[in-house]
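This report concerns only the one structure given below.
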Amino acid sequence: MRTRLTLSAGDLARTRFAVSPMWEVVTGFRALAASPVPEVHRGWAAQVRPRLAAAGLDRGWLAEMVPAGGHLPDFLNPPPAGAVGELEQELAAVRRTDPAQVRRDLDLLAAERGGRLSARLRGLYREPELRLPRVTAEIEAYWQLALAPYWARIRALLEADVFHRARQAAEHGTAEVLNGLHRTVRWEEGELLLTERHCPITRIPTAAGLVLVPSAFAWPRVLTRSPGGDPPQLAYPARGSATLWERREPPRADGLALVLGRSRTVLLAELAAPASTTELARRCELSAAAVSEHLAALRAAGLVSGHRAGRSVLYARTAVADALLDAQV
């Protein structure tokens, strides 16, 4: 099936890129729901799935609204407010969704499921204003467990994609950018043609431009959001997504160790994947008290961030720490 977007000169002039945390929430959860999980994300999924199961998030609102295939509710992806969206702002927009939009999305989900919705989703259908805060509270919990510890790495990938395409637009024009988004996207005589579509929409109306959203988890598809009144959004696989979770070679950090100390440098190297104090103590052969002290210092220096995961805290390297370690290779 093909879908067409007819773009006027005004639409092209208003076309912009945006990094959206909510698109990563939705596409990331869809990747986790897939069987099997896409190969490029299996290492991440192996870390995240046990945390979600322990918190009951593998059977909550997202599990009922974000299937491995089929319709994704448009209200979960409000238009990003700027070049790089903030999760809090996007969740506030979700809570403000017009009840009619929520019901339209749930009607589409029901149509795919033989006309039936779960009791939970029927409650959302009846009382969107009352239930949407519960949905966003769950999304915040999911974010902390599944995405926040990795956000510095994901955001760097997405921003690098935007930078590359902005330069491409400057050198070759918008048509070149649109043709390079994905093999199923093609600019053709004033229309953006999307092929190999699974949705029944054959033509998407445009309004005030087009929002192009790079995504670490969208692969292998391009996804669209097109409720009336908002600019359509097109989420496409970001360049380099296949290498996002590749484990880097341990850096030769002798120089860094002279500044930070050997133990703190070893801890940074071990945080290629987020880990708890207990895990780090076992892997680095340090006491839990020593690890906690070192992590507190690294966190104060902006090299480590902490993210609540149930009763424990997961620590992750920041982009600053990644740059320091990369400089040692």
Give, for atom CZ of Phe75 and atom CZ of Arg95, the distance between the pair rounded to the nearest 0.5 Å.
13.0 Å
Within this structure, what is the CZ-CG distance for the pair Arg186 and Asn179, rounded to the nearest 0.5 Å?
8.0 Å
Heavy atoms only: give me the nearest Val66-Ala33 pair and the separation to one decimal.
O-CB, 4.2 Å
Arg239 and Asp161 ion-paired at < 4.0 Å
no
Verify whether the ring centers belonging to Trp61 and Phe29 lie closer than 6.0 Å.
no
From Leu132 CG over to Arg96 CZ, what is the distance, rounded to the nearest 0.5 angstrom?
11.5 Å
Do you know the tightest heavy-atom contact between Ala45 and Pro50?
O-CD, 4.2 Å
Under 3.5 Å donor-acceptor pairs involving side-chain atoms of residues 113-123, not counting sequence neighbours:
residue : atom : partner : partner atom : Å
Arg113  : NH1  : Glu64   : O            : 2.9
Arg113  : NH2  : Glu64   : O            : 2.9
Ser118  : OG   : Glu64   : OE1          : 2.3
Ser118  : OG   : Leu121  : N            : 3.2
Arg120  : NE   : Glu64   : OE2          : 3.1
Arg120  : NH2  : Arg59   : O            : 3.3
Arg122  : NH1  : Leu117  : O            : 2.7

Donor on one side chain, acceptor on other, Thr27 and Ser215, under 3.5 Å:
yes
Find the distance between CG (Leu57) and CD (Glu138) and round it off to the nearest 0.5 Å.
5.0 Å
Decide yes or no for Ile139 and Leu91: does some side-chain heavy atom of the first lie under 4.5 Å from some side-chain heavy atom of the second?
yes
Kindly work out whether a path of hydrophobic side-chain contacts (I/L/V/M/F/W/Y, heavy atoms less than 4.5 Å apart) joins Val320 to Leu268.
yes
Give a yes or no on whether Met65 and Leu108 share a hydrophobic cluster (residues Ile, Leu, Val, Met, Phe, Trp, Tyr; joining criterion: side-chain heavy atoms under 4.5 Å apart).
no
Examine Leu147 and Leu72 and state if one hydrophobic cluster contains both, with Ile, Leu, Val, Met, Phe, Trp and Tyr joined whenever side-chain heavy atoms are less than 4.5 Å apart.
yes
Ignoring hydrogens and angles, state whether a donor on the side chain of His294 or Ser292 is under 3.5 Å from an acceptor on the partner side chain.
no
Could you tell me whether the side chain of Gln47 reaches within less than 4.5 Å of the side chain of Tyr150, counting heavy atoms only?
yes
For residues Ser263 and Leu286, report the shortest heavy-atom separation together with the two atoms involved.
OG-CD2, 4.1 Å
Only residue of Gln101, Gln233, Arg104 satisfying side-chain contact (heavy atoms from CB on, under 4.5 Å) with Asp74 is Gln101
Please check this pair: side chain of Arg225 against backbone of Leu234, looking for a donor-acceptor N/O pair closer than 3.5 Å.
no
Taking the six-membered ring for Trp, are Trp23 and Phe217 closer than 6.0 Å centroid to centroid?
no
Are side-chain heavy atoms of Leu303 and Leu260 found at a separation under 4.5 Å?
yes
What's the spacing between Leu212 CG and Phe17 CZ if we round to 0.5 Å?
4.5 Å
Any side-chain heavy-atom pair of Leu158 and Ile154 under 4.5 Å
yes
Given side chains that start at C-beta, do those of Leu295 and Thr277 come closer than 4.5 Å, heavy atoms only?
yes
Write down the atom of Ala31, the atom of Val37, and the distance for their closest heavy-atom approach.
O-CG2, 3.6 Å
Within a strict 4.5 Å, meaning less than it, do heavy atoms of the Leu124 and Leu106 side chains meet?
yes
If I compare all heavy atoms of Trp219 with all of Pro38, which pair ends up nearest, and what's the gap?
CZ3-CB, 4.2 Å
Side chains of Trp151 and Glu24: closer than 4.5 Å at any heavy-atom pair?
yes
CG-CG distance between Asn77 and Asp230, expressed to the nearest 0.5 angstrom:
11.5 Å
Of all heavy-atom pairs linking Pro128 and Arg103, the shortest is CD-NH2, 3.4 Å
Residue pair Val40 / Thr243, side-chain heavy-atom distance below 4.5 Å
no
Look at the side chain of Gln144 and the backbone N and O of His307, then say whether any donor-acceptor pair between them is shorter than 3.5 Å.
no
